[in-house]
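Notes follow the structure.
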Amino acid sequence: MKKLTLITFIMSILLLVSNSIEAKALALPELPTTETSKQWAVEVTNPDNDDSNLAQAKKGVYHTYSLNVKNVGKEVHDVKVQLFRNELNSNTKFGLLPTMEPPQLNQKGGHPLHVSNFGLSEKATDLNIVITWKEKGEGREYQETFTFHQK
């Protein structure tokens with residue numbers, strides 16, 4: 001009887017530990033998380049949940065996050081920001097939002113682009129933020145991709 005109680009106790013602990021590890025493994029590590037280059041600072045953080053009209057996370061389906069993008073480099077123009085996620089067993093990436101063309105990102109140190117809330121599938125392992133722009137006085141386009149990994 002003591003062995004059965006001990007085995008039940010150990011199995012219960014293992015079940016609790018494995019469930020908590022699995023739940024933790026499905027989110028971006030320690031928010032906010034930021035990546036910075038010579039031109040951009042990109043931050044993924046907790047969603048703005050103060051508006052009930054915004055999407056709410058659905059356990060087992062998707063997480064929600066917010067996004068800040070700030071110009072920390074040269075003055076630029078024609079800035080475009082796109083968000084993509086990967087799909088398991090596919091080379092195709094899926095867009096999360098329409099292409100954003102925020103004029104405030106043209107100026108260095110201006111107000112950041114802020115996306116209050118977007119969903120990211122729990123099955124996705126990567127979030128890619130793709131920024132394209134042109135430098136003042138140039139017609140050449142530049143592109144930078146910031147990749148955040150879900151664990």
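Computed from heavy atoms alone, side chains included, the values below leave out hydrogens, waters and symmetry copies. Position 1 is the first residue of the sequence; numbering continues from there.
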Can a donor-acceptor pair be found, under 3.5 Å and without considering hydrogens, that links the side chain of Gln39 to the backbone of Lys74? yes
side-chain hydrogen bond (donor to acceptor under 3.5 Å, both in side chains) partner of Tyr142, the single match among Glu144, Arg140, Glu138: Glu138
Working to the nearest 0.5 angstrom, can you tell me the gap between Asn117 CG and Asp48 CG? 7.0 Å
If we count only N and O atoms by modelled type, under 3.5 Å, do the side chains of Thr99 and Gln82 hold a donor and an acceptor together? yes
Determine, stepwise, if the pair Gln107 / Glu75 fulfils side chain to side chain contact (heavy atoms under 4.5 Å, CB included). CA-CA 5 Å; Gln107 295 180 335; Glu75 301 263 334; 3.9 Å; yes
Apply side chain to side chain contact (heavy atoms under 4.5 Å, CB included) to Leu127 and Leu96, showing your working. CA-CA 9 Å; Leu127 166 63; Leu96 297 177; 3.7 Å; yes
Do Val79 and Val69 make a side-chain contact, defined as non-hydrogen atoms from C-beta onward lying under 4.5 Å apart? no
Parallel, tilted or perpendicular, as decided by the 30° and 60° cut-offs, for the rings of Trp40 and Trp133: perpendicular
Can you hop from Tyr62 to Leu67 via hydrophobic side chains spaced under 4.5 Å? no
Leu105 with Val72, same ILVMFWY side-chain cluster at under 4.5 Å: no
Any side-chain heavy atom of Glu122 within less than 4.5 Å of one from His63? yes
Validation row: Thr145, Val130 side chains within 4.5 angstrom (heavy atoms): yes
Say whether His114 and Asn68, considering side chains only, have a donor N or O and an acceptor N or O under 3.5 Å apart. yes
Calculate, to the nearest 0.5 Å, the distance between atoms CG and CD belonging to Asp126 and Glu87 respectively. 12.0 Å
Please report the interatomic distance CZ(Phe146) to CG(Leu83), rounded to the nearest 0.5 Å. 12.0 Å
Take atom NE2 of His111 as the centre, draw a 6.0 Å sphere, and report whether it contains more than 12 heavy atoms from other residues, nucleotides or ligands. no
Nearest heavy-atom pair of Ser90 and Thr92: which atoms, and what distance? OG-N, 3.1 Å
Is it true that Val76 and Ile129 fall in one hydrophobic cluster, defined by side-chain heavy atoms closer than 4.5 Å? yes
Can you tell me how far the CG atom of Asn128 sits from the NE2 atom of His149, to the nearest 0.5 Å? 8.5 Å
Locate the shortest heavy-atom distance separating Met100 from Leu97; write the atom from each residue and the value. CE-CD1, 4.1 Å
Looking only at heavy atoms, which two atoms of Lys70 and Pro112 are closest? And how far apart? CB-CB, 4.0 Å
For the backbone of Thr125 and the side chain of Asn86, can you confirm whether one donor and one acceptor N or O come within less than 3.5 Å of each other? yes
Closest contact, heavy atoms only, Gly139 versus Lys134: O-CE, 3.6 Å
Is it possible for you to say whether Val44 and Ile131 belong to one hydrophobic cluster, with membership spreading through side-chain heavy-atom contacts below 4.5 Å? yes
Which heavy atom of Ser116 sits nearest a heavy atom of Ser66, and at what distance? O-CB, 3.2 Å
Got Asn71 and Asn106 here, is their nearest side-chain heavy-atom distance under 4.5 Å? no
Looking at OH of Tyr65 and CD of Glu43, how far apart are the two atoms once the value is rounded to the nearest 0.5 Å? 13.5 Å
